[in-house]
Amino acid sequence: MSDTSSDLAWVVCQFDAMTAHQVHSLLRLRQQIFIIEQQCIFPEIDGLDPVCTHLLALDAKSNGKDVLAAARIVAPGIDPDHTEQGDRPAIGRVVTSERLRGQGVGRELMERAIALCDQQFVSKPIYLNAQLYLREFYQSLGFIQFGDEYIEDDIPHICMERPA
C-alpha cells in the first residue's frame with residue numbers, strides 16, 4: 001500500500017515543541033536525503049533548527065512519531081551563511097521521504113510553507129536557496145531566480161524569490 005497525503009498529519013511547530021522521537025525522525029530523514037542520497041558531506045545540523053518554525057508531515061500510522069516530509073521557515077536576519085536572504089523569510093531544508101515522491105507531497109509541502117510565510121511575514125517576498133535541478137519546480141510555485149548559479153556543498157544552487 002502506498003502512502004498518500006491522507007495518511008499524513010500536517011503540523012506547524014517550533015523546535016522545542018517536537019517530541020524527541022520527531023526530532024530524531026526529522027534529522028534522520030534529512031541525513032538520508034541530503035547527506036547519503038545526495039552524497040554531500042556538510043554540516044546538516046547547523047544550529048538554526050531551534051530558532052526556526054517547522055512544517056512537518058507526520059505519518060498518521062505512526063501516531064505522529066515519524067516525519068515523512070518537512071520544511072523550515074527561517075526568519076530574516078538569523079542565518080549568517082545566507083546574507084543574500086536580506087529582510088525576507090526563507091523556506092529551507094525542504095525534504096520529502098523517498099517513498100512519497102511522485103505523489104504531490106513535495107508540492108503540497110511547499111504550498112503549505114508559502115502560506116505559512118505569507119501568514120507570519122505579511123507582504124514580504126520569500127527567499128529560497130534552491131538546488132539548481134529543482135528550478136522548474138520552484139518556478140511553478142511562483143519563485144524567480146536572481147543572480148548567478150553557484151556551488152554550495154558541491155551542489156549547484158541558485159537564489160530564488162517569490163514576490164509578495
Side-chain angles (χ1 to χ4, degrees), residues 2-5 7-8 10-12 15 23-49 52-59 66-76 78-118 120-121 124-164:
S2 67
D3 289 293
T4 65
S5 188
D7 295 327
L8 301 176
W10 293 93
V11 175
V12 175
F15 189 76
V23 169
H24 179 268
S25 182
L26 172 64
L27 296 177
R28 184 182 59 201
L29 175 64
R30 291 187 344 199
Q31 172 187 268
Q32 179 62 38
I33 305 306
F34 297 140
I35 297 173
I36 297 170
E37 182 180 303
Q38 295 182 349
Q39 299 179 357
C40 181
I41 303 301
F42 77 110
E44 204 291 315
I45 299 174
D46 61 1
L48 292 178
D49 284 319
C52 291
T53 299
H54 297 267
L55 172 60
L56 308 175
L58 303 174
D59 184 351
D66 295 330
V67 178
L68 297 180
R72 71 181 184 189
I73 309 303
V74 184
I78 65 169
D79 186 353
D81 294 329
H82 292 103
T83 56
E84 63 277 355
Q85 177 182 347
D87 66 349
R88 299 169 284 216
I91 299 173
R93 293 298 201 268
V94 178
V95 63
T96 304
S97 169
E98 184 177 23
R99 73 183 200 202
L100 294 180
R101 293 192 193 143
Q103 299 179 41
V105 175
R107 178 167 296 281
E108 183 175 357
L109 173 66
M110 279 302 298
E111 289 170 349
R112 288 174 179 264
I114 290 165
L116 185 57
C117 283
D118 288 344
Q120 289 184 346
F121 304 95
K124 289 272 193 182
I126 302 169
Y127 173 78
L128 189 65
N129 177 33
Q131 292 184 8
L132 180 62
Y133 83 97
L134 290 167
R135 176 177 25 208
E136 289 181 15
F137 171 70
Y138 290 126
Q139 284 175 335
S140 75
L141 292 162
F143 287 87
I144 301 164
Q145 179 180 342
F146 68 91
D148 297 325
E149 175 184 326
Y150 60 95
I151 302 296
E152 183 173 322
D153 301 318
D154 294 325
I155 296 174
H157 279 74
I158 52 174
C159 293
M160 301 188 87
E161 176 185 84
R162 187 175 193 275

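Since the model is a prediction, treat every value here as computed from it, not as a measurement.
Taking each heavy atom of Phe34 and Val94 in turn, the nearest pair found is CZ-O, 3.4 Å. Between Pro89 and Pro76 the shortest heavy-atom distance is N-CG, 3.7 Å. When all heavy atoms of Leu55 and Ala113 are compared, the closest pair comes out as CD2-N, 3.5 Å. Nearest heavy-atom pair, Val23 versus Phe15, reported as atom, atom and distance to 0.1 Å: CG1-CZ, 3.9 Å. The two atoms that bring Thr96 and Gly106 nearest to each other are OG1-CA, 3.8 Å, heavy atoms only.
Not counting sequence neighbours, the partners of Arg101 by the salt bridge (charged side-chain N to carboxylate O under 4.0 Å, His left out) test are Glu37. In this view, Glu84 and Tyr127 satisfy the side-chain hydrogen bond (donor to acceptor under 3.5 Å, both in side chains) rule, not counting sequence neighbours. In this structure His24 satisfies the side chain to side chain contact (heavy atoms under 4.5 Å, CB included) test together with Arg28, sequence neighbours excluded.
A distance of 12.0 Å separates CG of Leu132 from OH of Tyr138, quoted to the nearest 0.5 Å. One finds the CD1 atom of Ile91 at 4.5 Å from the CD1 atom of Ile126 (value rounded to the nearest 0.5 Å). A distance of 10.5 Å separates CG of Leu29 from CD of Glu98, quoted to the nearest 0.5 Å. Rounding to the nearest 0.5 Å gives a distance of 6.0 Å between SG of Cys159 and CG of Asn129. To the nearest 0.5 Å, atom CG of residue Leu26 and atom CG of residue Asp66 are 11.5 Å apart.
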Solution key, residues 140-149 side-chain donor-acceptor pairs under 3.5 Å, sequence neighbours excluded:
residue, atom, partner, partner atom, Å
Ser140, OG, Arg107, NH1, 3.4
Ser140, OG, Arg107, NH2, 2.7
Ser140, OG, Phe137, O, 2.5
Gln145, OE1, Arg135, NH1, 2.5
Gln145, NE2, Gly147, O, 3.2

List the atom pairs, with distances to 0.1 Å, where a side-chain N or O of residues 38-49 and a protein N or O form a donor-acceptor pair under 3.5 Å, not counting sequence neighbours.
residue, atom, partner, partner atom, Å
Gln38, OE1, Gln131, NE2, 3.0
Gln38, NE2, Gln131, OE1, 3.2
Glu44, OE1, Arg30, NE, 3.4
Glu44, OE1, Arg30, NH2, 3.3
Glu44, OE2, Arg30, NE, 2.7
Glu44, OE2, Arg30, NH2, 3.2
Glu44, OE2, Arg93, NE, 2.7
Asp46, OD1, Leu48, N, 3.0
Asp46, OD1, Arg72, NH1, 3.2
Asp46, OD2, Arg72, NH2, 2.6
Asp46, OD2, Arg93, NH2, 3.2
Asp49, OD1, Arg30, NH1, 3.1
Asp49, OD1, Arg30, NH2, 3.4
Asp49, OD1, Arg72, NH1, 2.9
Asp49, OD2, Arg30, NH2, 2.6

**Request:** Carefully, step by step, assess Leu134 and Met160 under the rule side-chain contact (heavy atoms from CB on, under 4.5 Å).
**Result:** CA-CA 11 Å; Leu134 290 167; Met160 301 188 87; over 6 Å; no
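Checking Asp79 against Gln85 by side-chain atom types alone, no donor-acceptor pair falls below 3.5 Å.
Between His82 and Val74, the closest side-chain pair of non-hydrogen atoms is not below 4.5 Å. Using a 4.5 Å cut-off on side-chain heavy atoms (C-beta onward), Leu58 and Leu68 make no contact.
Identified under the side-chain hydrogen bond (donor to acceptor under 3.5 Å, both in side chains) test for residues 154-164, with sequence neighbours left out: Arg88-Glu161.
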